[in-house]
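Everything on this sheet refers to the single structure shown next.
Note on naming: letters A, B, ... go to the chains in the order of the sequence lines (proteins, then strands), and numbering restarts at 1 for each one.
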Protein chains: 2
Amino acid sequence: MCTIYAKMSFKSEQHIKVAVDAVVFGYIQNHLQILLTKQNHGSGIPKWALPGGFVKDNESVECAVSRELQEETGVNVNYLEQLFTFGSVDRDHRGRVVSVAYLALINPRHFILCTSREDMETEWFNLDEIPDLAYDHKEIIEKGWERLKAKINYQPVGFELLKREFPFSDLENLYQTILNKKIDRRNFRKKIMSYDLLLETDKIYQPKSGRPAKLYKFNHRKYRKLEKDGFHFEVKFA
Amino acid sequence: MCTIYAKMSFKSEQHIKVAVDAVVFGYIQNHLQILLTKQNHGSGIPKWALPGGFVKDNESVECAVSRELQEETGVNVNYLEQLFTFGSVDRDHRGRVVSVAYLALINPRHFILCTSREDMETEWFNLDEIPDLAYDHKEIIEKGWERLKAKINYQPVGFELLKREFPFSDLENLYQTILNKKIDRRNFRKKIMSYDLLLETDKIYQPKSGRPAKLYKFNHRKYRKLEKDGFHFEVKFA
DNA sequence: TATTTTTGTGTACTATATACGCAAAGATGT
DNA sequence: ACATCTTTGCGTATATAGTACACAAAAATA
């Protein structure tokens with residue numbers, strides 16, 4: 001980027017477009033879901049794809065994702081991190097496109113799907129029922145899924161997928177769903193509780209049947225403070 | 001990238017260039033070093049910067065880094081991973097450039113610095129003696145450095161920085177240098193040895209003074225095999 | 001009031017991490 | 001040849017963290 005005068009002048013043409021794509025996870029009814037969009041009136045056969053689009057000249061790549069998500073799906077993400085940049089030559093048959101993919105987590109409070117684009121459909125898909133996708137989006141989802149599985153073990157990102165106040169069993173189920181394995185309830189609770197990052201509310205949740213449960217909320221403020229002091233969240237049930 | 005017909009046609013112009021930059025680490029004389037380049041005959045005041053350059057239309061982003069490294073520095077990296085994509089609007093004063101940064105590790109066997117560009121200088125810099133850099137390259141190095149520190153704990157990337165055959169103490173010193181802390185020699189050796197991933201050669205290394213040391217080499221083949229079976233390398237001296 | 005479902009909790013055992021010091025091998029200087 | 005210096009190579013005891021495991025309490029339903 002810096003050493004290019006000799007090879008390619010700034011005026012010389014490079015015919016590559018920069019796009020963003022988002023792998024948006026939601027945890028809905030005890031299932032991990034992904035947000036997909038489909039254009040109804042595009043040319044050719046419409047296919048499901050990740051929300052995303054081209055970056056504008058005057059916005060940062062990060063801003064581009066947020067904007068596209070807002071425009072296409074109406075959801076507000078409460079966690080967004082860069083995932084990977086996909087740059088093979090032929091990933092888009094229409095021309096050369098380099099796409100910066102992001103991983104986003106949303107919380108059920110921000111669920112109102114409403115696209116501002118008339119020619120577009122937006123829907124949640126169960127992770128194991130993803131349809132055929134456009135371009136290399138299957139691969140992007142794969143990477144996002146891997147990242148989420150890894151990340152949940154060493155950063156408290158799981159909470160971003162839950163309601164602000166949740167019964168402890170929701171957290172358990174979330175981890176079991178994401179890691180796709182049974183976790184010992186007592187050991188899990190012991191580990192999480194040992195960090196003292198859950199605030200007990202005085203609210204009670206009554207499940208369909210069974211004993212009522214206390215509602216907890218994650219103490220973001222305390223976590224940020226601890227993090228600054230070198231604290232390292234870790235829940236390893238590998 | 002997929003949902004763009006309505007917003008921006010494929011023909012419509014986006015004025016963003018795509019570049020690559022590489023944070024290349026070498027471990028030379030017990031010091032972590034970074035490879036920098038400087039153009040001698042560029043317009044304006046030349047500044048040191050990371051090796052890198054624009055991606056060509058017909059090469060993948062990953063290929064672009066390798067090519068640029070080869071052209072600008074002549075080194076062969078033996079480890080290359082994508083680091084982060086830097087996409088703020090004003091990171092390059094000459095125009096809008098989105099840069100995909102890579103982390104590279106090189107092994108002293110591939111040291112012969114020889115740029116094929118006449119207008120360019122290439123040099124190793126000690127990590128704590130990095131000069132003023134062009135653009136946001138300081139920040140990119142910071143990110144690469146963070147990644148390396150984190151990665152060395154859960155992937156055997158350290159070996160990529162050593163000679164193929166090395167005395168055990170080189171590994172010790174490398175870890176101490178990267179993590180910037182003293183590590184208990186016995187515990188470190190015990191941990192590393194417990195994985196049984198070092199092959200003892202029959203060669204002996206004679207240090208300037210002191211007892212001679214056996215030379216080891218890392219068993220890449222065995223590691224790959226173990227990794228496939230779910231093995232997880234981990235050296236945590238946090 | 002018996003049955004079902006879900007929450008909430010403790011202890012013994014195992015494995016891993018940490019702390020710690022000394023003898024052996026060679027090089028150098030006298 | 002002997003004393004000194006430097007670096008390698010190694011084991012054990014203690015503390016900490018992980019794992020395995022079962023039963024009673026609270027509410028809903030029949």
Side-chain angles (χ1 to χ4, degrees), chain A residues 29-30 152-154 156 162-163 165-177 179 181-218 226 230-238, chain B residues 29-30 152-154 156 162-163 165-177 179 181-218 226 230-238:
Chain A
Q29 288 152 347
N30 279 12
I152 203 177
N153 288 311
Y154 61 89
L162 298 177
K163 295 193 207 70
E165 304 187 335
F166 51 88
F168 197 87
S169 55
D170 274 14
L171 191 62
E172 261 172 51
N173 291 330
L174 176 65
Y175 269 78
Q176 297 192 127
T177 303
L179 299 177
K181 67 171 57 144
K182 285 251 164 296
I183 297 177
D184 183 277
R185 288 172 57 235
R186 276 177 292 186
N187 292 339
F188 181 74
R189 180 182 279 256
K190 199 195 309 174
K191 182 72 188 179
I192 297 285
M193 288 310 194
S194 75
Y195 289 135
D196 195 28
L197 282 167
L198 294 194
L199 289 170
E200 199 174 309
T201 70
D202 47 6
K203 291 186 202 131
I204 296 272
Y205 165 75
Q206 180 62 55
K208 287 163 285 282
S209 79
R211 178 171 169 176
K214 293 178 212 157
L215 290 182
Y216 294 92
K217 50 186 178 182
F218 182 68
L226 284 174
F231 165 76
H232 189 60
F233 179 90
E234 183 160 345
V235 189
K236 252 200 314 198
F237 291 89
Chain B
Q29 289 154 348
N30 280 11
I152 204 178
N153 288 312
Y154 62 87
L162 297 178
K163 297 195 207 65
E165 305 187 335
F166 52 88
F168 197 88
S169 56
D170 274 15
L171 190 62
E172 262 172 49
N173 291 332
L174 175 65
Y175 269 78
Q176 295 191 130
T177 304
L179 299 177
K181 66 170 60 143
K182 283 250 164 298
I183 296 177
D184 182 277
R185 287 173 57 234
R186 276 177 292 186
N187 292 339
F188 181 74
R189 179 181 278 255
K190 201 193 312 174
K191 181 75 190 180
I192 297 286
M193 289 310 193
S194 75
Y195 290 134
D196 195 29
L197 282 167
L198 293 193
L199 289 169
E200 199 173 306
T201 71
D202 47 6
K203 291 184 202 133
I204 296 274
Y205 165 74
Q206 180 62 56
K208 288 164 282 284
S209 80
R211 180 172 169 176
K214 293 178 212 158
L215 289 182
Y216 294 93
K217 52 184 175 183
F218 181 69
L226 285 174
F231 166 75
H232 189 60
F233 179 90
E234 183 161 343
V235 189
K236 252 200 313 196
F237 291 92

**OP:** Please tell me if the side chains of F166(B) and L198(B) come closer than 4.5 Å, counting only heavy atoms from C-beta onward.
**Re:** yes
Original post:
Does the side chain of V235(A) come within less than 4.5 Å of F188(A)'s, by heavy atoms?
Top reply: yes
Original post:
Which whole-number value in Å describes the distance from K236(B) NZ to dA17(D) P?
Top reply: 11 Å
**OP:** Grab the two heavy atoms, one from H232(B) and one from Y195(B), that are nearest each other, plus how far apart they are.
**Re:** O-OH, 4.2 Å
Are there any protein N/O atoms within less than 3.5 Å of an N/O atom in nucleotides 6-8 of chain C, and if so, which ones and at what distance?
unit_1, atom_1, unit_2, atom_2, d
dT6(C), O2, R211(A), N, 3.1
dT7(C), OP1, S169(A), OG, 2.5
dT7(C), O2, R211(A), NH1, 3.0
dG8(C), OP1, K214(A), N, 3.1
dG8(C), OP2, R189(A), NH2, 2.8
dG8(C), N7, R185(A), NH2, 2.7
dG8(C), O6, R185(A), NH1, 3.3

Subject >> Nearest-angstrom distance from the residue atom CG of D184(A) to C1' of dC13(C) >> reply: 14 Å
Subject >> Length of the CG-C1' vector between L171(B) and dG9(D), whole Å >> reply: 15 Å
Original post:
Is the closest side-chain heavy-atom distance between L179(A) and N153(A) below 4.5 Å?
Top reply: yes
Original post:
What is the minimum heavy-atom distance between F233(B) and F231(B), and which atoms define it?
Top reply: N-CE2, 3.6 Å
Original post:
What pairs with Y154(B) under ring pair (Phe, Tyr, Trp, His ring centres under 6.0 Å), at least two apart in sequence or on another chain?
Top reply: none
Report, one pair per line, the protein and nucleotides 13-16 of chain D atoms (nitrogen or oxygen only) whose separation is under 3.5 Å.
none

**OP:** Report the distance from atom CD1 of I183(B) to atom P of dA19(C), rounded to the nearest whole Å.
**Re:** 13 Å
**OP:** Take the protein atom CD of E234(B) and the nucleotide atom C1' of dA17(D), then report the distance between them rounded to whole Å.
**Re:** 13 Å
Subject >> Residues forming a side chain to side chain donor-acceptor pair (under 3.5 Å) with D202(A), sequence neighbours excluded >> reply: none
Subject >> Neighbours of DNA chain C within residues 193-202 of chain A, by heavy-atom distance under 4.0 Å >> reply: none
Original post:
Could you state the CZ-C1' distance from F188(B) to dC20(C), rounded to the nearest angstrom?
Top reply: 18 Å
**OP:** Quick one: pull up CG in N30(B) and CG in D170(B) and give me the separation to the nearest 0.5 Å.
**Re:** 6.5 Å
Original post:
Looking at K191(A), does any N or O in its side chain come under 4.0 Å of the phosphate oxygens OP1/OP2 on dG18(D)?
Top reply: yes
Please report, to 0.1 Å, the donor-acceptor pairs under 3.5 Å made by any side chain of residues 203-218 of chain B, with sequence neighbours excluded.
unit_1, atom_1, unit_2, atom_2, d
K203(B), NZ, E165(B), OE1, 2.7
K203(B), NZ, E165(B), OE2, 3.3
Q206(B), NE2, G210(B), O, 3.1

**OP:** Figure out the CD1/C1' separation between I204(A) and dA28(D), and round it to whole Å.
**Re:** 16 Å
Original post:
Between R186(A) (CZ) and dC23(D) (P), how many Å, whole number?
Top reply: 10 Å
Original post:
Are any of the side-chain nitrogens in E172(B) or K182(B) under 4.0 Å away from the carboxylate oxygens of its partner?
Top reply: no
**OP:** Could you name each residue pair satisfying salt bridge (Lys or Arg N to Asp or Glu O under 4.0 Å) that touches residues 187-197 of chain A, not counting sequence neighbours?
**Re:** D196(A)-K222(A)
